[in-house]
Enquirer: 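Following this message is one structure expressed as structure tokens.
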Amino acid sequence: MQKLIFLIIIPLAFACGDEITNTEQFITTGDSPSFSVKDFGAVGDGVADDTKAFQDAVNAAIKVGGGELLIPPPNNFYNIKNTIAIKPFSGTECNLNIRGFGSNLSEIRYTGPGNRAVFKVLGLKSSVISGVKIWITPGISGTVVWDIDTTPEIESTSWVTFKNCLALLGNGVNNVGWRLGHLSGGYADISSYQWENCLVDGNQGEGTVISGQIGWLLEGRNTVQNTWFGGFGAYLDKVFSNRSQTGTGAKTENGNGSAFFYGLGGSHNNIDFEISAEQVYYISGGRFEVGKKFLVVPDGVEDPVITISGVEINDYNPADGNIISMGRPGSLTLDGCRMYGKEGGNFSNMITLGGDRGVGRLFVRGGSYASPKPFYKILTGTWQVNIQSVGKLEGPYATSYFDNEPVSGN
């Protein structure tokens with residue numbers, strides 16, 4: 001169907017891309033305009049360099065104020081050799097939806113140099129990215145699949161949803177699926193992100209974990225109100241971390257916004273959650289298996305409030321004998337969870353509590369736990385502990401430590 005195009009006069013109007021110098025702005029009726037990477041020369045045969053075609057398609061969409069970037073199924077895969085930038089040419093905001101056609105169809109492989117991003121995102125607002133699979137080919141290190149940030153001129157990159165997207169990190173060290181706020185620091189607004197049924201796979205599921213491979217890394221003081229629905233992280237050094245990393249231009253500020261996880265799962269990870277800042281963290285549902293550490297709160301973190309509800313944590317074998325380690329007093333609640341270690345594994349206590357600043361709180365309600373030693377241990381500091389109506393698991397790690405009476409200690 002032919003689209004109607006109208007011209008309206010808007011004084012000093014700005015589009016998402018170039019400044020409109022003649023004060024005219026195009027508005028199309030019906031669906032927003034679509035831009036296929038194949039229309040801009042992408043081949044998708046796994047040999048030709050498709051980087052320029054992708055960048056040209058992105059730029060064309062941004063120039064007219066946004067729209068939809070289509071990534072049709074390639075004959076083999078799209079070969080990307082350099083960073084693709086999604087950012088406004090002028091102004092501070094940009095709308096661009098990106099649509100692939102399923103994880104096994106719209107595959108992108110990054111084959112360029114290391115220590116850069118596949119997609120660099122600045123100023124993207126109110127957009128949906130779906131069905132895109134990106135693979136960092138083996139031998140490439142220090143690469144971020146989706147690098148989301150702000151600048152002093154582009155202060156907000158927010159309200160973005162990823163659906164059914166895959167990030168495969170290859171076998172290079174320090175590769176990351178999604179990184180938010182690495183350069184922006186305190187002036188960032190990187191908020192209200194959602195991930196729905198997204199997967200990050202470290203080392204292509206080859207059975208070993210590569211150092212520094214992280215599924216989701218949040219940095220900067222305003223990475224707030226971000227939510228996960230479903231999804232999975234496997235063979236990762238860390239599934240989620242908001243502990244700032246070093247690197248060129250990094251602001252070295254922990255991501256401090258609240259984060260909410262509903263049904264996210266994991267397998268064979270060194271650490272599932274590393275929480276390094278205050279705020280509220282809610283982990284609900286999901287199954288985590290055959291890992292080493294479920295939760296780590298490093299010393300020096302100011303009073304995070306963490307709730308773990310209805311989560312199964314099984315077959316863990318931590319090197320230090322602890323599945324959960326709290327290095328600084330905060331609030332930790334386990335509500336209706338099931339947790340046990342690997343048979344024959346190394347265990348001292350399931351939970352260790354430490355720190356010497358303030359009063360920490362551990363509250364365990366319902367659920368079942370199989371601990372070969374006392375369930376928790378206070379290493380340093382003062383903690384208030386309350387355990388209510390907790391069952392036990394049968395087997396080699398069954399424990400009679402729990403009963404139906406509250407337990408308090410300091």
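Owing to the predicted nature of the structure, the values given are computational and were not obtained by experimental measurement.
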Enquirer: If you compare all heavy atoms of W216 against all heavy atoms of F232, which two are closest, and at what distance to 0.1 Å?
Expert: CH2-O, 4.2 Å

Enquirer: Does a side chain donor of either Q384 or N386 reach within less than 3.5 Å of an acceptor in the other side chain?
Expert: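 On atom types as modelled, these side chains do not qualify, holding no pair under 3.5 Å.
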
Enquirer: Do K125 and S156 pair up side chain to side chain, a donor and an acceptor below 3.5 Å, judged on atom types alone?
Expert: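 Looking only at side-chain atoms, S156 and K125 do form a donor-acceptor pair, the distance falling under 3.5 Å.
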
Enquirer: Give a yes or no on whether the backbone of V224 and the side-chain of S191 come within a donor-acceptor separation of less than 3.5 Å.
Expert: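 It does not hold such a pair.
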
Enquirer: Less than 3.5 Å apart, any donor N or O on the side chain of S309 or T307 sitting next to an acceptor on the other?
Expert: no

Enquirer: Tell me, with the steps shown, if I351 and Y369 meet side chain to side chain contact (heavy atoms under 4.5 Å, CB included).
Expert: CA-CA 11 Å; I351 300 175; Y369 304 85; over 6 Å; no

Enquirer: So, do L122 and I86 sit near enough that their side-chain heavy atoms are less than 4.5 Å apart?
Expert: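 No, too far: nothing below the 4.5 Å cut-off.
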
Enquirer: Work out which heavy atom in A57 is nearest to a heavy atom in S36; give both atom names and the distance.
Expert: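 The pair with the smallest heavy-atom distance is CB-O, 4.4 Å.
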
Enquirer: Roughly how far apart are L379 CG and N322 CG, rounded to 0.5 Å?
Expert: 7.5 Å

Enquirer: Between C337 and G310, what is the shortest heavy-atom contact and its length?
Expert: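 That would be SG-N, 3.8 Å.
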
Enquirer: Using atom types as modelled and distance alone, determine if a side-chain donor or acceptor of R338 lies under 3.5 Å from a backbone N or O of G336.
Expert: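 Not a single qualifying donor-acceptor pair exists.
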
Enquirer: Do you know which two heavy atoms are closest between N75 and V43, and how far apart they sit?
Expert: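 Scanning both residues completely, I find the closest heavy atoms to be ND2-O, 4.5 Å.
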
Enquirer: Side-chain contact, heavy-atom cut-off 4.5 Å: I140 with Y110?
Expert: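 Touching, per the 4.5 Å side-chain cut-off.
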
Enquirer: Is a side-chain N or O of S141 found less than 3.5 angstrom from the main chain of G172, in a donor-acceptor match?
Expert: no

Enquirer: With rounding to the nearest 0.5 angstrom, report the NZ to OG1 distance, K87 to T150.
Expert: 13.0 Å

Enquirer: Working to the nearest 0.5 Å, report the span between OG1 of T352 and CD1 of I324.
Expert: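 That separation rounds to 9.5 Å.
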
Enquirer: Would the distance check show the side chain of N317 and the main-chain N or O of K292 forming a donor-acceptor pair, the cut-off being under 3.5 Å?
Expert: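 No; zero donor-acceptor contacts below 3.5 Å.
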
Enquirer: Would you find a donor on one side and an acceptor on the other, under 3.5 Å apart, between the side chain of T83 and the backbone of A117?
Expert: yes

Enquirer: Do F54 and D56 touch side chain to side chain, with heavy atoms closer than 4.5 Å?
Expert: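 No - every pair of side-chain heavy atoms lies 4.5 Å or more apart.
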
Enquirer: W159 vs Y193, test: side chain to side chain contact (heavy atoms under 4.5 Å, CB included). Steps then yes/no.
Expert: CA-CA 6 Å; W159 298 97; Y193 274 71; over 6 Å; no

Enquirer: How long is the straight-line distance from CG of N270 back to CG of L236, given to the nearest 0.5 Å?
Expert: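 Between atom CG of L236 and atom CG of N270 there are 9.0 Å.
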
Enquirer: Mind telling me whether F40 and F35 have parallel, tilted or perpendicular rings, with 30° and 60° as the class edges?
Expert: tilted

Enquirer: Would you check if V297 and P304 make a side-chain contact, meaning some heavy-atom pair closer than 4.5 Å?
Expert: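 Yes, at least one pair of side-chain atoms sits under 4.5 Å.
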
Enquirer: Might you work through the side-chain hydrogen bond (donor to acceptor under 3.5 Å, both in side chains) test for T51 and N82, ending with a clear yes or no?
Expert: CA-CA 6 Å; T51 308; N82 212 332; over 6 Å; no

Enquirer: Side-chain donor-acceptor pair under 3.5 Å between D335 and T333, yes or no?
Expert: no

Enquirer: Can you see whether D272 engages N269 through a side-chain donor-acceptor pair at a distance of less than 3.5 angstrom?
Expert: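 N269 and D272 do have a side-chain donor-acceptor pair below 3.5 Å.
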
Enquirer: Go through the side-chain N and O atoms of D237 and S211 and say whether any donor and acceptor fall under 3.5 Å apart.
Expert: no

Enquirer: So among Y281, F273, F288, which one has a ring pair (Phe, Tyr, Trp, His ring centres under 6.0 Å) with F261?
Expert: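 Looking at Y281, F273, F288, the match for F261 under the ring pair (Phe, Tyr, Trp, His ring centres under 6.0 Å) is F273.
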
Enquirer: Checking Q213 side chain against G170 main chain: does a donor-acceptor pair fall under 3.5 Å?
Expert: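 Judged by distance alone, yes, a pair lies under 3.5 Å.
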
Enquirer: Could you give the distance from CG (L218) to OG1 (T223), rounded to the nearest 0.5 Å?
Expert: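 One finds 4.5 Å between CG of L218 and OG1 of T223.
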
Enquirer: With a 4.5 Å heavy-atom cut-off, do W135 and V145 have their side chains touching?
Expert: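 Heavy-atom side-chain distance check fails, nothing below 4.5 Å.
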
Enquirer: Compute whether any side-chain donor of one residue and acceptor of the other, for S34 and E68, lie under 3.5 angstrom apart.
Expert: yes

Enquirer: Start with the C-alpha gap between L168 and K133, add the side-chain angles, then the distance that decides, and say whether side chain to side chain contact (heavy atoms under 4.5 Å, CB included) holds.
Expert: CA-CA 8 Å; L168 285 73; K133 177 181 179 181; 4.1 Å; yes

Enquirer: If we ignore hydrogens and angles and just use 3.5 Å, is the side chain of T157 paired with the main-chain N or O of G123 as donor and acceptor?
Expert: yes

Enquirer: Would you call K293-D320 a salt bridge at under 4.0 Å N-O?
Expert: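 Salt bridge present between K293 and D320.
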
Enquirer: For the pair K120 and D147, find out whether any cationic side-chain nitrogen is under 4.0 Å from an anionic carboxylate oxygen.
Expert: yes

Enquirer: Classify the angle between the aromatic ring planes of W178 and F162 as parallel (below 30°), tilted (30 to 60°) or perpendicular (above 60°).
Expert: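 Ring orientation of W178 relative to F162: perpendicular.
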
Enquirer: Indicate the atoms forming the closest heavy-atom contact of P329 with D303, along with that distance.
Expert: O-OD1, 2.9 Å

Enquirer: Do you know which of Y262, F240, F260 makes side-chain contact (heavy atoms from CB on, under 4.5 Å) with W228?
Expert: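 Of Y262, F240, F260, side-chain contact (heavy atoms from CB on, under 4.5 Å) with W228 is met by F240 alone.
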
Enquirer: Mark yes or no for whether D50, through its side chain, and N79, through its backbone, hold a donor-acceptor pair below 3.5 Å.
Expert: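 Yes; at least one donor-acceptor contact below 3.5 Å.
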
Enquirer: Taking E219 for the side chain and R243 for the main chain, is one N or O donor matched with an acceptor at less than 3.5 Å?
Expert: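 Answer holds: no.
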
Enquirer: Just so I know, are the side chains of L217 and L180 near enough to count as touching, which here means a heavy-atom distance under 4.5 Å?
Expert: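 Result no, sub-4.5 Å side-chain heavy-atom pair not found.
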
Enquirer: Do the side chains of W195 and L264 get nearer than 4.5 Å, heavy atoms only?
Expert: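 Not touching, per the 4.5 Å side-chain cut-off.
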
Enquirer: Show your working on side chain to side chain contact (heavy atoms under 4.5 Å, CB included) between L334 and F363 and close with a plain yes or no.
Expert: CA-CA 6 Å; L334 299 176; F363 182 52; over 6 Å; no

Enquirer: Between atom OG of S130 and atom CZ of F101, what is the distance when rounded to the nearest 0.5 Å?
Expert: 8.5 Å

Enquirer: Taking everything shown except K38 itself, do over 12 heavy atoms lie less than 6.0 Å from its NZ?
Expert: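 Yes, enclosed.
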
Enquirer: Quick one: are I129 and N97 in side-chain contact, heavy atoms under 4.5 Å?
Expert: no

Enquirer: To check you understand the geometry: which heavy-atom pair defines the closest contact between P72 and V37, and what is its length?
Expert: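 Of all heavy-atom pairs spanning P72 and V37, the closest is CD-CG2, 3.9 Å.
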
Enquirer: Quiz question: by atom type and distance under 3.5 Å, do the side chains of N203 and T208 form a donor-acceptor pair?
Expert: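 Note: N203 and T208 side chains meet the donor-acceptor criterion.
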
Enquirer: Looking only at atom types and distance, does a side-chain atom of T161 sit under 3.5 Å from a main-chain N or O of V128, one as donor and one as acceptor?
Expert: no

